[in-house]
Amino acid sequence: MFALVDANNFYASCERLFRPDLAGKPIIVLSNNDGCVVARSNEAKALGIDMAIPYFKVKQCCYQHQVHVFSSNYTLYGDLSARVMTLLEMGCPNIEVYSIDEAFLQVDDQSFDGLIPWAEKQQQIIKQHVGIPVSIGIGKTKTLAKVANHIAKTILRQPVCLLDQPEQWLSRIPVDEVWGIGKRWGRKLQALGIINAQQLANTPYDYLRKHFNVVLARTALELQGQSCLALEAMSEPKKNIVASKSFGQKQIDFTPIAQALSTHCARACEKLRTQSGVANYLHVSLKTNRFSDQLQYHPHMGIKLPIATDDSRMVIAYAKKILGCLYKPGFKYHKVGVMLGDIHPRVFKQNSLLSSSQPMSQDSEPLMAMLDQINRRYGRHQIYLAAMGMQKQTWKMQSNRKSPAYTTCWQSLAKVY
DNA sequence: TCTGGGGTCCTAGGACCC
DNA sequence: TCTGGGGTCCTAGGACCC
C-alpha cells in the first residue's frame, strides 16, 4: 500500500504558522517577482482567487477583502518541509520525498486494519510538532493514493482517506483530476468519451498505448490497482540544472543582463557542486516578455564545453560569450537563464586528450570548495564573483512582501512580548 | 524486373509534474 | 504597469554504424 502525505495549502500554512493573528483570515503567496498566485488559504480560495492567476488581476479583490499577501519565502518553506519529512521518516522509513510539500510512503499491507489509525497519528504528530496541517491518502498504487488524497481534501474534508474500494469512488473523479493527466490529455480523453477516472481505468491498455503513450497506459493500470510506479526512495542526481529568473524591471543593456546571467551561472554551479557533478553542456536563453505586444525575440544557444566543469568562473566566461552572440540591442528583455546539461559525477571527469593547457584546473577545486564553505557558513553572497555586478541592480527580482526567515536566521527569530 | 536487416545515438518538440 | 521556476519522460525523425 502507498500513502501520499500532502500538506494543505503548504506555503500559506507556513506563513500562518508564525502569524497566529492570521488564523481564519485569507492568505495568498506569490511566485517569484510577485508575479502569480501560487498558494491560497481556504479563505482565499473561497473568495474565488484562482491558482496561478497573475497577481495584478486579483489585486483589487485582495485589497477589498483584506487578503494578506506574501512574497514567496523559500528559505522558510524549505526548512519547514525538512521538519515534516523528518517526522514522516520516523513514522515510516520507506519514504520518497516527492516535492516540497508531498511524500509517498510505502506501508505494509499486513497491517491493513491499522492503516487509518496509523495515518491519523502521523497527521497529529506533524500538527503538534511542526504545526502544518497535512492530508493523507492511502491506496494500492501511487495513483490511487493520489486519488485518495484528493478525496480526503475535497470530498470528505477529513485528514485521512483509505481507498479500499476504489470502484465506489472513481466514477466521481473527473479524468483530468487524475495524477498524470494534464489539460491537453484531459481534453483529448473527454473527446474520446472518457470522462471520469473509472472510464479511464476500464480503457484497454493497447488503445491508450496507440492513441497516447506508455505513460498514460500505465496510469490506467494504476487506477485498476496494478502498481507500475515504484517508490523511489533514493533521489537521483539531476541530469539538468536550470537557473533562470525574470528581471525585476525590463532590461535593455548588455551589462546588467550579463550580470544577471553570471549570477544564475554561479547558482547553477553551486547546485552542481552539491551533487558532486560536472557539466559538459551549457545552454543560455534570453527572452522578451511573451505577454507584451512589443516585438518578440527569444534567442537561445547551447554549446558542448571543451572540458567538463563545475567551476563558476569557466561557466560564466562561456555563458557571457554565448550571450554576446544572442544579445541584440533594441529589445526590452524580460528574462535570462542558463542550463547545465550532460552532467556526470565528478569522479568520472574526462580530461582532454589534445589540450595540455587547462586553465583554472589547478586551483579550481579548492577555490570553489572554499567559496561554497564561506557562503554556507556566513550567508549567501558573502563572497561572489565580480561578474555578478556590484552596483545597484535593477534586474533583481521584486519581493516586497516577504516574511522573515523565522527558523533559519538569528536576527529573524520571533519576539514574544 | 530487380535494391537487406538490425541496430544506436542525438535532437526537438510535446506532454506531464510540483 | 504588473503574467514563476525547475524538473522528467516519451516519441518521431534523421543520421549514422555494420
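Values below: all heavy atoms of this structure, side chains included; hydrogens, waters and symmetry mates excluded. Order of the sequence lines sets the chain letters (A, B, ...), proteins ahead of strands, with each chain counted from 1. What you see is a predicted model; the values in this text were computed from it and never measured.
With rounding to whole Å, A:Leu340 atom CG is found 17 Å from C:dT8 atom C1'. To the nearest angstrom, C1' of C:dG7 lies 13 Å from CD of A:Glu232. In this structure, the NE2 atom of A:His298 is 11 Å from the P atom of B:dG13, given to the nearest Å. Regarding A:His300, its NE2 atom lies at a distance of 11 Å from the C1' atom of B:dG13, rounded to whole Å. The distance from atom CG of A:Leu216 to atom C1' of C:dC9 is 14 Å, rounded to the nearest whole Å. Rounded to an integer number of Å, the gap from A:Gln296 CD to C:dT3 C1' is 13 Å. Here C:dC2 presents its C1' atom at 17 Å from CZ of A:Phe247, a figure rounded to the nearest Å.
Taking every heavy atom of residues 237-244 of chain A and every atom of DNA chain C, pairs under 4.0 Å involve A:Lys238, A:Lys239, A:Asn240, A:Ile241, A:Val242, A:Ala243, A:Ser244, by number. Taken residue by residue, residues 64-92 of chain A places no heavy atom nearer than 4.0 Å to DNA chain C.
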Each base of DNA chain B marked ( ) or [ ] if paired in-strand (Watson-Crick or G-U under 3.5 Å), | if paired to another strand and . if unpaired gives ....||||||||||||||
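A:Tyr318 carries A:Lys321 over the face of its six-membered ring, with the cationic atom under 6.0 Å from the centre and within 45° of the normal. A:Tyr281 does not carry A:Lys304 over the face of its six-membered ring by the limits of under 6.0 Å from the centre and within 45° of the normal.
There is no side-chain donor-acceptor pair under 3.5 Å between A:Thr143 and A:Arg218. At a cut-off of 3.5 Å, with distance as the only test, no side-chain donor of A:Ser41 or A:Asn9 sits close to an acceptor on the other residue.
Dashed line: the shortest gap from a side-chain N or O of A:Arg218 to OP1 or OP2 of C:dC10 is under 4.0 Å. For A:Lys57 and C:dT1, the shortest distance from a side-chain N or O to OP1 or OP2 is not below 4.0 Å. Close to C:dG5, at under 4.0 Å from its OP1 or OP2, lies a side-chain N or O of A:Ser246. Dashed line: the shortest gap from a side-chain N or O of A:Arg209 to OP1 or OP2 of C:dT11 is under 4.0 Å. In this structure, A:Asn289 reaches the C:dT3 phosphate: one of its side-chain N or O atoms is under 4.0 Å from OP1 or OP2.
For an aromatic pair to be called close, the ring centres must be under 6.0 Å apart, and A:Tyr327 with A:Tyr297 fails this.
Among the atoms of the strands shown, only primed sugar atoms or phosphate atoms (P, OP1, OP2) are found under 4.0 Å from some heavy atom of A:His334. Backbone-only contact: A:Lys250 has heavy atoms under 4.0 Å from sugar-phosphate atoms and none from a base. Counting any heavy atom pair closer than 4.0 Å across all strands shown, A:Lys335 reaches sugar-phosphate atoms only and no base atom. Contact annotation for A:Val38: no contact, since no heavy-atom pair falls under 4.0 Å across all strands.
Ranking C:dG7, C:dG4, C:dC2 by closeness to the A:Phe56 side chain, first place goes to C:dC2.
By the side-chain hydrogen bond (donor to acceptor under 3.5 Å, both in side chains) test, A:Arg209 pairs with no residue at all, sequence neighbours left out.
Between the CZ atom of A:Arg172 and the CD atom of A:Glu177 there is a distance of 13.0 Å, given to the nearest 0.5 Å.
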Contacts under 3.5 angstrom, residues 235-244 of chain A side chains, donor-acceptor by atom type, not counting sequence neighbours:
none

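Each of A:Asn289, A:Asp293, A:Thr288 was evaluated against A:Phe291; a single residue qualifies, A:Asn289, per the side-chain contact (heavy atoms from CB on, under 4.5 Å) test.
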Measure all distances between protein nitrogen or oxygen atoms and nitrogen or oxygen atoms of nucleotides 14-18 of chain B, and list the pairs falling under 3.5 Å.
unit_1: B:dA15; atom_1: OP2; unit_2: A:Arg184; atom_2: NH1; d: 2.4
unit_1: B:dA15; atom_1: O3'; unit_2: A:Trp185; atom_2: NE1; d: 3.4
unit_1: B:dC16; atom_1: OP1; unit_2: A:Gly182; atom_2: N; d: 3.1
unit_1: B:dC16; atom_1: OP1; unit_2: A:Gly182; atom_2: O; d: 3.4
unit_1: B:dC16; atom_1: OP1; unit_2: A:Arg184; atom_2: N; d: 3.4
unit_1: B:dC16; atom_1: OP1; unit_2: A:Trp185; atom_2: N; d: 2.8
unit_1: B:dC16; atom_1: O3'; unit_2: A:Gly180; atom_2: O; d: 3.3
unit_1: B:dC17; atom_1: OP1; unit_2: A:Gly180; atom_2: N; d: 3.0
unit_1: B:dC17; atom_1: OP1; unit_2: A:Ile181; atom_2: N; d: 3.3
unit_1: B:dC17; atom_1: OP1; unit_2: A:Ile181; atom_2: O; d: 3.3
unit_1: B:dC17; atom_1: O3'; unit_2: A:Trp179; atom_2: NE1; d: 3.4
unit_1: B:dC18; atom_1: OP1; unit_2: A:Lys146; atom_2: NZ; d: 2.8
unit_1: B:dC18; atom_1: O3'; unit_2: A:Asp101; atom_2: OD1; d: 3.4
unit_1: B:dC18; atom_1: O3'; unit_2: A:Glu102; atom_2: OE2; d: 2.9

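Relative orientation of the A:Tyr77 and A:Tyr11 rings is parallel, given thresholds of 30° and 60° on the angle between their planes. Aromatic ring pairs are classed by plane angle as parallel below 30°, tilted from 30° to 60° and perpendicular above 60°; the pair A:Phe331 and A:Tyr333 is tilted.
Going from the P atom of B:dT3 to that of C:dC18 covers 25 Å, rounded to whole Å.
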